[in-house]
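A short worksheet on the structure shown next.
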There are 2 protein chains.
Amino acid sequence: MDAYEFIKDAIIEGKFVPGMRLAEESLAKEMNLSRTPIREAIKQLEAEGLVIPLKRGVSVRHFTKEDIRQIYDLRTLLEGYAASQAAIHRTEDDLLKMEKANVLYEEAINRNVESDMDSLKDIVEVNQKFHEAIVAASNNEHIHFHISKVVVVPIVFRSFYWYNSFQLKQSLEVHKTILEAIKSRESERARIAMHEHIYQGRDHVLKHLEQIKNIHLLKEEGK
Amino acid sequence: MDAYEFIKDAIIEGKFVPGMRLAEESLAKEMNLSRTPIREAIKQLEAEGLVIPLKRGVSVRHFTKEDIRQIYDLRTLLEGYAASQAAIHRTEDDLLKMEKANVLYEEAINRNVESDMDSLKDIVEVNQKFHEAIVAASNNEHIHFHISKVVVVPIVFRSFYWYNSFQLKQSLEVHKTILEAIKSRESERARIAMHEHIYQGRDHVLKHLEQIKNIHLLKEEGK
DNA sequence: ATTTAAGCGTTTGTATACAATAAGTCAATT
DNA sequence: AATTGACTTATTGTATACAAACGCTTAAAT
């Protein structure tokens with residue numbers, strides 16, 4: 001694995017406390033590299049907004065609840081647009097991929113009756129596949145670039161998500177609605193369903209943020 | 001000026017032929033630096049999508065007409081949203097900044113009766129200030145990050161733009177409509193006016209792209 | 001006791017050297 | 001004449017060394 005993936009994953013997994021300086025030498029030692037490739041990885045993360053430049057070096061970025069709110073607004077906008085465009089431009093092949101992802105999604109949910117953490121991870125992953133299939137069908141290659149950067153932030157909190165089986169089934173229903181709309185080329189219905197879907201996710205994340213014990217991941221506003 | 005700005009400007013100004021490899025050593029020599037800061041600048045440009053990674057090193061990215069079309073779609077979406085949110089959240093201070101930028105815009109346009117290139121540059125710059133004031137008032141700090149990356153690409157072609165005074169006055173009218181809508185908190189009207197405004201810009205760029213002689217800036221689709 | 005200044009240590013920013021790989025050239029063989 | 005293979009050159013990727021800047025600790029003075 002290269003330095004960029006390593007550091008990014010560590011941030012996403014919450015292994016670095018937000019606000020913490022990233023010391024190049026210790027990172028380099030940890031992954032048996034020199035500082036040069038580390039610095040390049042950090043520059044990349046800086047351009048993506050996951051780390052913040054200081055006078056010297058960088059620190060891991062804080063994300064506040066307000067950030068989450070704003071980022072989800074953007075994600076809703078972008079993915080809603082992607083869904084509406086997918087309804088217009090999707091090919092049969094695009095449709096096949098979405099349907100396949102959604103079948104896997106349904107299976108993963110049904111496997112999840114015990115609600116263990118591993119199967120939850122599967123669900124999140126397959127869900128992502130479905131969303132990617134829609135973006136891929138949207139006929140706008142640039143949108144993927146922006147969505148990927150907007151999607152990263154909530155993932156920071158992924159390990160704290162918790163869904164009950166009712167929520168998961170509800171989410172599956174919305175997936176099906178989106179899929180139907182894209183299939184029958186109802187672009188506005190696809191957009192609205194996607195909006196609903198993502199806002200559900202946002203509300204869920206924000207609600208559960210309150211309950212997070214490992215509060216180190218959050219810098220509250222005004223501190 | 002640092003290496004990042006230097007290379008980025010050179011790409012935007014069209015000094016590097018798209019597809020061309022960026023040789024680190026020659027860039028380093030040109031700006032009296034070592035390769036280290038050059039590499040970091042390039043990594044940043046890579047993350048922004050202005051250069052494309054090769055097996056080894058990077059090349060300046062091609063932008064096709066289809067890219068322009070897609071990017072303007074995204075810009076319309078994002079700035080339309082920013083305008084609608086600005087109508088909801090703008091403060092008196094935000095409003096003042098927009099009005100000021102727009103006064104400067106009007107003045108710059110009236111100065112442009114001779115349609116020379118320098119004053120055109122002024123107009124483009126003041127126009128940008130107006131757009132930035134709206135984004136700043138949108139109450140979403142993350143949106144600025146994405147818009148700035150989406151706005152860069154058309155700038156690559158800026159030196160080829162040509163506006164006649166009729167188009168400029170029309171554009172001023174739309175600005176005023178947007179401003180009014182934001183002032184009177186009509187969010188949907190602000191969004192629609194912004195859509196119209198940016199799509200006008202897109203049509204204009206696409207139309208004039210046909211006439212560009214220095215075709216080296218364009219890689220046509222399928223070549 | 002508190003505040004300020006100085007010095008030391010740590011960490012970054014830049015330069016450079018070296019090794020590895022890709023690309024280009026030239027020659028030889030079919 | 002064309003294609004393939006080997007060799008040579010150029011350029012990248014990584015490591016390391018050195019200098020400058022920042023921050024922290026300690027001591028001194030008010």
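Just so it is clear, the values below take in all heavy atoms, side chains as well, and ignore hydrogens, waters and symmetry mates. The shown structure was predicted, so the numbers you read here are calculated from the model rather than taken from an experiment. Labels below follow one simple rule: chain letters A, B, ... track the order of the sequence lines, proteins then strands, and each chain is numbered from 1.
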Using the test side-chain contact (heavy atoms from CB on, under 4.5 Å), find all partners of [X] that sit at least two apart in sequence or belong to another chain.
| X | answer |
| --- | --- |
| A:Glu46 | A:Lys43, A:Val51, A:Pro53, A:Val58 |
| A:Phe145 | A:Lys149, B:Lys149 |
| B:Val126 | B:Leu104, B:Tyr105 |

Handout entry: Inter- and intrachain pairs under side chain to side chain donor-acceptor pair (under 3.5 Å), touching residues 15-24 of chain A, at least two apart
Key =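 Listed once each, the pairs are A:Glu24-A:Arg35, A:Glu24-A:Arg39.
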Would you please name every residue forming a salt bridge (charged side-chain N to carboxylate O under 4.0 Å, His left out) with [X], sequence neighbours left out?
| X | result |
| --- | --- |
| B:Glu30 | none |
| A:Glu141 | none |
| A:Asp94 | none |

Report all side-chain donor-acceptor pairs from residues 95-102 of chain B shorter than 3.5 Å, counting only partners two or more places apart or in another chain.
unit_1	atom_1	unit_2	atom_2	d
B:Lys97	NZ	B:Asp93	OD2	3.4
B:Asn102	OD1	B:His175	ND1	2.9

Exercise for the section: Round to the nearest Å and state the distance from B:Tyr4 atom OH to C:dG13 atom P. Expected result: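 Going from OH in B:Tyr4 over to P in C:dG13 covers 17 Å.
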Tabulated below should be each protein N or O lying under 3.5 Å from an N or O of nucleotides 5-8 of chain D; please produce it.
none

Handout entry: Summary of protein contacts for nucleotides 9-22 of chain D, nucleotide by nucleotide, where a base hit scores B, a sugar-phosphate-only hit scores S (4.0 Å, heavy atoms)
Key = --BBBBBBB--BSS
What donor-acceptor contacts under 3.5 angstrom involve side-chain atoms of residues 133-140 of chain A, with partners at least two apart or in another chain?
unit_1	atom_1	unit_2	atom_2	d
A:Ser138	OG	A:Val135	O	2.7
A:Ser138	OG	A:Asn140	N	3.4
A:Asn140	OD1	A:His142	N	3.1
A:Asn140	OD1	A:Ile143	N	3.3
A:Asn140	ND2	B:Gln70	O	3.2

Table of protein N/O atoms under 3.5 Å from nucleotides 7-10 of chain C N/O atoms:
none

Practice task
Measure the spacing between CZ of B:Arg69 and OG1 of B:Thr64 and express it to the nearest 0.5 Å.
Solution key: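 So the gap between those two atoms works out to 8.0 Å.
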